[in-house]
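Every value quoted in this text rests on a predicted model; they were computed, and no experiment measured them. Numbered from 1 within each chain, the chains take letters A, B, ... in sequence-line order.
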Amino acid sequence: MSSILQQDAYAPTLIEPRWQAEWAAAGLYAVDTAANDDRLPFYCLSMFPYPSGRLHMGHVRNYTLGDVVARIKRMQGFNVLQPMGWDSFGLPAENAAIQKGVAPEAWTFENIDYMRGQLQRLGFAYDWQREVMTCREDYYKWTQWLFLQLYKQGLAYKKEAPVNWCPVDQTVLANEQVIEGRCWRDGALVERKRLSQWFFKTTAYADVLLDNLDTLPGWPERVKTMQKRWIERSYGSRVKFIVRRLAQPAAEFGARDGAQGNQGAENDFIEVYTTRPDTLFGVTYLALAPEHALVDKLTTPEQRDAVLAYCEAAKNKPEMERVAEGKAKTGVFTGGYATHPLTGEAIPVWVADYVLAEYGTGAVMAVPAHDSRDFEFANTYGLAVREVISSDGKSAGINSEAYTAYGVLLNSGAFNGLDSESAKTEITKSLDDRGLGARKTQYRLRDWLVSRQRFWGAPIPIIYCPSCGTVPVPEAQLPVKLPAAVDVDFKAKGKSPLASVEHFVNTPCPSCGGPATRETDTMDTFVCSSWYFLRFVDPHNTERPFDPALIAKWLPVDQYVGGIEHAILHLMYARFFMMALADAGLTGSISNQEPFKNLLTQGMVLKDGAKMSKSKGNVVDPDEILKTYGADTARFFILSDSPPQADFDWKDSGVEGCFRFLQKVWRLVVDWQPVLDLTLPEPDLATLSGEQKAVYRATHQAISGISADIENAFQFNTVVSKLRELVNALSAMPKASDAEVCASRSFAVATLIKLLAPICPHMAEALWEKLGMFARTGSIHTQAWPSANPAALVPDALTIVVQFNGKLRAEFTASPDASKADLEASALALPKVQSLLAGQSLVKTIVVPGKLVNFVIKPA
RNA sequence: GCCCCGGUGGCGGAAUGGUAGACGCUGCGGACUUAAAAUCCGUUGGUAGCAAUAUCGUGCCGGUUCAAGUCCGGCCCGGGGCACCA
C-alpha cells in the first residue's frame, strides 16, 4: 500500500535527473545552424555568466526567463538556438591566484565545471555543443584577430591620455566602469593618471549608436534613455581666441601690447567649445582645465607659483572630490590674456578645475551672465558680468543668478536684436569668415579604453620594435598565448604581471626580425563579451571567428535576456562591435546592424524585501532549493510573484506554495489516469454542455490568456496565475468516467501539460510519459503549442452590472448577444432599480453591451 | 539639480477608461486524525450592522468623463540613472 503511494508521489529528485539525461542523450536541444530548416530561426540568448564559483538566484531568474522563452518558441514552431558559455577572463581568478596560490586557469575551469552542473540540474535547454569559454585559446585567438581588424580599420589606437586608475585592482578602467568616481567592481576611489593606453574608437559610431536606439522598439525605454544620456550629442561651435602674450622669460615682461604682431606667436590660440555662440559678446574670461597644454605657456612669471600649486593640487585630488556636489568653484589667474575674436578685447585667462580636460577642447569661454557655473565663479573672483541676452532685448540686469534661457541679443554689436537661434548661426558664420570658428557637434561619449594591466585576459597582439615601431602580430602567429601562471609575478604593482615574464615579453620583430618586445597589457574582459553572441552561431570554426553567411542568417539575436546592470557597458560595447565588424565586411550584415532585436532586462532577486548579501546572511543557495524542491518548483516560483522587469522578492513560504501546487497537479493527473485518454480528439463545442462545457471553456481561456501574456512582454507572473486557475477549474470536477467527461477532461489535461512544459519541463515530460504519450508522439517539448478556439471563449451568460451615476448598485445575467435595448429593459425590470429610480429624474442611460447599464439620475 | 520608473489589502502582486483587490502567501475557523503533518472546505481591505445592506477605500490636491487605479495639470514620497558635458 505505502509502496504504491510512494511510487505515485511527485518525486522531482527522481524525475529530473532522469529526463535531463534522456534529453541530452537524444540531443533534443542541439541545433545545426548551417542546415536548411523549414522553420524560422529564433536566437534566444541569456547573458553568459562570469564563472564566479556558484550560481546565485539572479542567475536562476535570468536563465529561467530565457529558457522559458526558448521552449515556448520551439513549441510555436521556430528553430530555436539557445547556447550557453562563460565570460571567463577576469580579475577574481587573478585574485584567487594572489590569495590562494591557485592558477587562474585551474580556478576558472573548476568553477565552470561546477556551475555547468548547476545549469544542467536546472534543466535549461542549452545546446551544450556550442559552449564557449572566452579564456580558452580557441576563443581568444579570435578576440585578438578581431582586435587586429579594428587596428587595420583605425578603430584601435594607442594614445597618452588622462585615465581612470583603480588602486585596488591595479589597472586602468573605462569611463563606463567608473560609477560616481569609484571602481565598478570594488568601489575604490578612482585616481587620475596620465598613461599611454589602447582605445577603441567608439566615438566613430556615436551618431549611429545614438540614432539607432530609436529603431529598437523591443528594448526597454529605460535602457535606451541611459545610453542616450551616456552618448549625449550637442550642437555648438568651436571658437578660437588668439593668445595675446606668451609668457616669456622675465626680460620680456611688460610687452603686453606688442603681442599683436609677434612673429611665431600667431599660431597660439585657445580653442573653446560652446553650445551658446549667441552669448559670445558676454565672454569676460576664459577658463582652462588644469591639464590643458597651454597653461604653462600662458602663465606669467609672477603667477607661476600660484598656478603650479593649483594644477598640482588638482592633479592629486581624486576625481570624486573634484566634482563633488555643491563644491565651491576654484581657480587661479594665469596672468595671460587672449583676444576676443569679434571685439578684439583682451580676455583674461584663468585655470579652473571645474573645466574638464576630456570634454570639448578642455577650455571654455566663460559667460557669467548666462551660465550658472561661470556666474558662480565670477562672483567668487570678482570677474565682470556682461549681459548680452534678455527676454526682449532690453537690459533687465543680472542679479542673483545667471539668465540661461534663450532670448534676444543686446550689447552684441551688429548682432543686437537677433534672437538666440539666428544669432548662433550668424555669429558662427562671422567667426568662420575670419577663420576663427566653425560649427561643431560634440559628444559626451569618449573612446573605450580597452587595455588592462592584468594577467587574466586576452593579450593585446602588438609588438614594439625599436626600428619598426608598433607592429601588429601577424595573423598566422595568433594566438598570442598567455604564459604559464607559475612564471608570473601576480603582485607586480602598476604594470601588467605579464611584464614580469621575460620569455613572453621578448620576441623577434615580425617585420625586421630584430629584438622587440610584446605589449604586456591585456584586453578588458568586455572586449571578449562584445562578440560572443556571434561565435555561438559558429563556435568550432578554426578558419575565422565565424562564417558571415551564418551571422546573416541568425543575427540579430531575437530575444536577449539579462540584468539591467549592463544597460550601458556591455550593451553599448556589443552594439559598437557589431557595427564595426559589419563595416569591416566580417558579418555578412548590412551597415549599422543592431545585434539584439528584443531585450528583456530582469529585476533583482531580493530576500524578504532586502538585497541578498553574505554579510546579512540572507543568501538563498540554488543548490539547497534544488535539493529540497527540485528545479521545476524553483523555475515555477521564480516566475510567479513579479513581472520579469520588476524586482522579485524571494520568500520561503512562496516556494512552499509552488511545491504544493506542483504536487497537486501531479496528484490530480495520477488520480485521473485510469479515466484519461489523451489520444481522443478535441471535443466538439457544439456537443458539450454543463460542466464539460465549463471545463472546455476554462481550457481555452487558459490557452488564450497565457498566449496573450507571453506576447505581451512575457508577463510570466500572470501566466502562472492562469495555470493555477486552470488547475482550480479542473480539480473542481468530480471523478467520473463517461465518454464525454473523459474527452473534455483528457483534452484539458493534455493542454495543461503543454502549457506547463516550458516552465516545468521535467514534470510535464514525466506526466506526458505516464499517460502513454511519450511513446506515441515523442517528447512533450516537441509538441505544438496549443491554439485557442475563439468560439469556446464566448460564455453562455454574462454578468451585467447596473450602475447609478457610475456606482455599482445591482447586477443581473444576460446572454452575450443581448442588444442594448434588451439590457436596458432587463435592468429596468429589477425591483432594486425601480426602487432607486423612485423620486429621481432619469437624465440618461448608458449601455455598454456585455458590460453594464449606467443610469444617470438626479433628484426630481 | 536634471532624466527615467514606481506608490493598490497584513505581504507579493492582478485589473483593453466600465464589478478594484485576479492568482498566490500569511492569518483565522472547520473537516479528517488517538495526535501531528499532509490534504480538503470556508473565510480574510476599513468602518457600522445579527443580517440584508450601507459607507469609505488604489500616495496628496484639483480637472476631464455617464464612469478614473487607469487620462490631464500641480504636488509629496520611494527606487534607479547621470552628475560642473560648457
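Between A/Ser234 and A/Tyr273 there is a side-chain heavy-atom pair separated by less than 4.5 Å. Side-chain contact between A/Phe648 and A/Arg61: present, with at least one pair of heavy atoms (C-beta onward) separated by less than 4.5 Å.
More than 90° away from 0 lies the glycosidic angle of B/G29, which makes this nucleotide anti.
In this structure, of B/C82, B/C84, B/U19, it is B/U19 that holds the atom nearest to the side chain of A/Leu808. Closest to the side chain of A/Arg809, out of B/A86, B/A54, B/U19, is B/A54.
At most 12 non-hydrogen atoms from other residues, nucleotides or ligands lie less than 6.0 angstrom from CZ of A/Arg222. Annotation for A/Gln834: atom CD counts as buried by contact number, over 12 foreign heavy atoms lying within 6.0 Å.
Remark: B/G1 base-pairs with B/C82; criterion is Watson-Crick or G-U wobble with both hydrogen-bond distances under 3.5 Å. Pairing for B/G6 is with B/C77, a Watson-Crick or G-U wobble pair whose two hydrogen-bonding atom distances lie under 3.5 Å.
Nucleic acid contact for A/Glu811: base, since at least one base atom lies under 4.0 Å from a heavy atom of the residue. Heavy atoms of A/Gly360 sit nowhere under 4.0 angstrom from any nucleic acid atom. Contact annotation for A/Arg724: backbone-only contact, meaning every heavy-atom pair under 4.0 Å involves sugar-phosphate atoms and none involves a base. Residue-level contact check: A/Lys832 touches the backbone only, with heavy atoms under 4.0 Å from sugar-phosphate atoms and none from bases. Here A/Ser234 lies in heavy-atom contact (under 4.0 Å) with sugar-phosphate atoms only.
If you take atom P in B/C11 and the same atom in B/G59, they sit 13 Å apart, rounded to whole Å. When the P atom is compared between B/G7 and B/C56, the two are found 24 Å apart, to the nearest whole Å. Taking atom C1' in both B/C66 and B/C82, the straight-line distance is 46 Å, to the nearest Å. Atom P of B/U19 sits at a distance of 26 Å from the matching atom of B/C5, rounded to the whole Å.
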Expected rows: protein N/O vs nucleotides 5-16 of chain B N/O, under 3.5 Å:
{"from": "B/C11", "atom 1": "O2'", "to": "A/Lys651", "atom 2": "NZ", "distance (Å)": "2.5"}
{"from": "B/G12", "atom 1": "O2'", "to": "A/Asp641", "atom 2": "O", "distance (Å)": "3.3"}
{"from": "B/A14", "atom 1": "OP1", "to": "A/Asn717", "atom 2": "ND2", "distance (Å)": "3.1"}

One character per nucleotide, please: for nucleotides 62-68 of chain B, 5' to 3', B when the base has a protein heavy atom closer than 4.0 Å, S when only the sugar-phosphate does, - otherwise.
----BS-
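Taking 4.0 Å as the cut-off between side-chain N and carboxylate O, A/Glu358 and A/Arg192 count as a salt-bridged pair. Of the charged side-chain nitrogens involved, at least one lies within less than 4.0 Å of a carboxylate oxygen, so that A/Lys224 and A/Glu221 count as a salt-bridged pair. Look at A/Lys607 and A/Asp652 and you find a salt bridge, because one of the NZ, NE, NH1 or NH2 atoms lies within 4.0 Å of a carboxylate O, short of that distance.
Ring geometry, A/Trp350 versus A/Phe377: the interplanar angle exceeds 60°, so the pair is classed perpendicular (tilted spans 30 to 60°).
Between A/Asp374 and A/Val367, the shortest heavy-atom contact is OD2-N, 2.9 Å.
Rounded to an integer number of Å, the gap from A/Lys807 NZ to B/U53 C1' is 16 Å. What separates OH of A/Tyr10 from C1' of B/A38 is a distance of 17 Å, to the nearest Å. We find that CD of A/Gln663 is positioned 16 Å from P of B/A37, with the value rounded to whole Å.
Put simply, A/Arg667 has no side-chain N or O that comes within less than 4.0 Å of OP1 or OP2 on B/A38. Phosphate contact (OP1/OP2 of B/A86, side-chain N/O of A/Tyr359, threshold under 4.0 Å): present.
A/Thr284 places a side-chain N or O within donor-acceptor distance of the main-chain N or O of A/Ala384, the cut-off being under 3.5 Å.
Counting distance only, with no hydrogens placed and no angle test, the side-chain atoms of A/Lys329 and the base atoms of B/C84 include a donor-acceptor pair under 3.5 Å.
Both A/Ile564 and A/Ala363 lie near RNA chain B, and the one whose nearest nucleotide falls closer to the 5' end is A/Ile564.
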